[in-house]
Amino acid sequence: MLNLKSGDRIELLYEDAPARTIRATVGRLLTDRDEGMGIEVEDYIACWIEITVDEPSDMGAEQVVLLGTDFQYRLNGRPVTIRERQGWLVRSSVVPDT
């Protein structure tokens, strides 16, 4: 899991289409309780990450990335990899095979 905070500049890559890069800025990180969800959501979602998309402009500027309890990040239901823009250190949300 990434150690994101508000204001971080990130890139998201859809895992099924890694050639497409989405640049964004982290707005807020919210818990299930912050989002007003019931306790049953805790089985599925670990964190809600509000982002503002910088590029591309073909999607709405305000989006939510979900960090699931399976340690997968998802944007609009599709798995994504997130990397920090400044350090260019890639941190994948994929859990390695054991």
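As the structure is a prediction and not an experimental result, all values here were calculated from the model.
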Close side-chain approach of [X] and [Y], heavy atoms under 4.5 Å:
{"X": "Thr21", "Y": "Leu12", "answer": "no"}
{"X": "Leu30", "Y": "Glu50", "answer": "yes"}
{"X": "Leu75", "Y": "Leu66", "answer": "no"}
{"X": "Asn76", "Y": "Met59", "answer": "yes"}

| task | Taking side-chain contact (heavy atoms from CB on, under 4.5 Å) as the test, write out the residues that go with Leu4, two or more places apart. | result |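 Partners of Leu4 by the side-chain contact (heavy atoms from CB on, under 4.5 Å) criterion, ordered by chain and then number, come out as Leu2, Asp8, Ile10, Val26, Leu29, Ile49.
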
| said: For Thr25, give me all partners under side-chain contact (heavy atoms from CB on, under 4.5 Å), at least two apart in sequence or on another chain. | reply: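 Here the qualifying residues are Arg9, Asp54.
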
Euclidean distance, [Y] [atom2] relative to [X] [atom1], rounded to 0.5 Å:
{"X": "Thr52", "Y": "Arg28", "atom1": "OG1", "atom2": "CZ", "result": "10.5 Å"}
{"X": "Glu11", "Y": "Arg23", "atom1": "CD", "atom2": "CZ", "result": "5.0 Å"}
{"X": "Leu13", "Y": "Thr81", "atom1": "CG", "atom2": "OG1", "result": "6.5 Å"}

| Donor-acceptor pair, Asp70 side chain versus Gln72 backbone, under 3.5 Å? |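 Checked: pair present.
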
| Does Arg78 count as lying over the ring of Tyr14, i.e. NZ or CZ under 6.0 Å from the six-ring centre, within 45 degrees of the axis? |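 Relative to the ring axis of Tyr14, which defines the angle, Arg78 lies inside both limits.
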
| field | Derivation and outcome, side-chain contact (heavy atoms from CB on, under 4.5 Å), residues Ile22 and Val53 | value | CA-CA 7 Å; Ile22 301 165; Val53 176; 3.9 Å; yes

